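Some notes on the structure that comes next.
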There are 2 protein chains.
Amino acid sequence: MNKKTDKTSTPQRILDSAEALFAESGYDGVSLRMITKLAGVELALPNYHFGSKLGLFRAVIQRRSVILNNERMEALNALSDRAESEDLIEAFIGPFLRRSLFGGEGWRDYARVVAQIANSPRWTSEIMSAEFDPVAIEFIRRVRVRFPVAKTEDVYWSFHFLLGAMTMTFAQTGRIDLLSGDTCRGSDLSEIHLRMVPFLSAGFSRLCKGST
Amino acid sequence: MNKKTDKTSTPQRILDSAEALFAESGYDGVSLRMITKLAGVELALPNYHFGSKLGLFRAVIQRRSVILNNERMEALNALSDRAESEDLIEAFIGPFLRRSLFGGEGWRDYARVVAQIANSPRWTSEIMSAEFDPVAIEFIRRVRVRFPVAKTEDVYWSFHFLLGAMTMTFAQTGRIDLLSGDTCRGSDLSEIHLRMVPFLSAGFSRLCKGST
DNA sequence: GCTATATTTGAACACATGTTCAAATATAGC
DNA sequence: GCTATATTTGAACATGTGTTCAAATATAGC
């Protein structure tokens, strides 16, 4: 009936449903039956199009990581060598935050999936490092240009703290909403963006200026 | 045979095994059969002692959160009203980091479990807020004493970034090890502790001093 | 030593899981 | 319109899941 009128293809519908459910309950908390039911397709189709549940999960991640990393790499490459730390951090986190803010539900769910796998040892090397380390390496290279006297460890640990703040933001668990009595809303990514860059920039400066 | 010579009780053995496995694969990635096999006990015993798998999970969290939150609350209460932001942050994160560092495998695994649920929407209100918000509220209260002119939102968002850095540290995924070619090691919590306090303190100062 | 309670055992239950496959159907190339 | 390929269907498979329970055993109180 209206299945034919749906403009989105089967693989896309599966990816969208999987993304939404993985964001809510993580990889092991979601079954193929839940995904196919939400997508309105047969149970066998994810395996046909993506080989396995794991293949589907990887496809969910890669679909947007490719787009995202291009944007982030471009933003980094657009900077001059004398860019301030604010600009560096902005280039690193800005594209991701903007996508989550203006990209619709899909991008927001995607960020929530990434946040969960970022803190799970199971997906670290297989997904996180494989997908996101190239941009991280370029970011760190530029931080070291900006802070030439900084010790190597200080740069990496600063980056580690940045990653944590970023991940917690993407997770969108609603904890800060609850804690603040809705004074702050985790979905207000523009409010966060506004504060995240100066906060982290101050941290980088303190740690990487080499005053110690 | 040697079961009687084991000094640890059955509930404790179950908690320890569950903790270790949850740290590795999360709640849904672990079955009761994996837990009981590792603990060397019968399948029915977790349900007998903890009611259900969910009850076991909650017990894993609460066993150490009680100890931890007492220590953290004491550390906060030991501060004078004119304590610097470094001292506030130290009191908030210090006890947790020290336990993870010197408390043995159990505490390290515990921190990894907490890190995973901290970024999962599923456990936010049920566990994270319920267990850890009281200390958070006291911390925030004291930050506002230290920075009386700070806007409410700035304080909460600063706390949010702190939480992210803390969570990423506890996760111990090994990503920073990989990224830095083992220049940095996620298990070196003392190295992190040393840098985390100044990094975050600089962020709080930048955001909460009220200079706009 | 006996009794009442607490714990452990071992098996079974009903249901959910990812994956597979031949048959049916739709699609595209000529 | 026909043929070859791509996709979809619907059912089944073997295995894993949390939970339950009566029977067996251990433990503690007197």
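Please read all numbers here as calculations on a predicted model, not as lab measurements. Every chain is numbered from 1 and lettered A, B, ... according to where its sequence line falls, protein lines coming before strand lines.
Look at CD on Q12(A): it is 14 Å from P on dT7(D), rounded to the nearest Å. N47(A) places its CG atom 18 Å from the P atom of dA11(D), with the value rounded to the nearest Å. Taking atom CZ of F57(B) as the reference point, atom P of dT17(D) lies 17 Å away to the nearest angstrom. Look at CG on L32(A): it is 11 Å from P on dT20(C), rounded to the nearest Å. Taking atom CG on L54(A) and atom P on dT19(C), their separation rounds to 8 Å, with Å as the unit. The CG atom of L43(B) sits 12 Å away from the P atom of dT9(C) (whole-angstrom rounding). Distance, E42(A) CD to dG10(D) P: 5 Å, rounded to whole Å. Nucleotide dG18(D) holds its P atom 15 Å from the CZ atom of F50(B), rounded to whole Å.
With dT20(D), dG18(C), dT19(C) as the candidates, the nucleotide lying closest to the side chain of S31(A) is dG18(C). Picking from dT8(D), dT19(D), dG18(C) the nucleotide with the shortest atom distance to the side chain of L45(A) gives dT8(D). The nucleotide whose nearest atom lies closest to any side-chain atom of H49(A) is, among dT19(C), dT7(D), dT19(D), dT7(D). For K53(B), taking side-chain heavy atoms from C-beta onward, the closest of the listed nucleotides dG18(D), dT20(D), dG18(C) is dG18(D). Across dT8(C), dT8(D), dC21(D), the shortest atom-to-atom separation from the side chain of T10(B) is found for dT8(C). Between dC21(C), dA12(D), dT17(D), one nucleotide has an atom nearer to the side chain of A44(A) than all others, and that is dC21(C).
The only option from R13(A), R63(A), R112(A) that meets the salt bridge (charged side-chain N to carboxylate O under 4.0 Å, His left out) definition with E19(A) turns out to be R63(A).
For the pair R72(B) and F92(B), the cation-pi criterion (under 6.0 Å, within 45° of the ring axis) is fulfilled. A cation-pi contact, defined as under 6.0 Å to the ring centre and within 45° of the axis, is absent between K151(B) and Y156(B).
Taking the six-membered ring where the residue is Trp, F159(A) and F139(A) present tilted rings, their angle falling between 30° and 60°. Ring pair F57(B)/W123(B) is tilted by interplanar angle, where 30° to 60° counts as tilted.
Atom-to-atom distance recorded for F96(A):CZ and E71(A):CD is 10.5 Å, nearest 0.5 angstrom.
Checking side-chain atoms of Y110(A) against main-chain N and O of R99(A) turns up no donor-acceptor pair under 3.5 Å.
Scanning DNA chain C for stems, defined as runs of 3 or more consecutive Watson-Crick or G-U wobble pairs whose donor-acceptor distances all fall under 3.5 Å, gives the following ranges: C:2-29 with D:2-29.
The 5' end of DNA chain C is approached more closely, in terms of each residue's nearest nucleotide, by Y48(B) than by the other of Y48(B) and R33(A).
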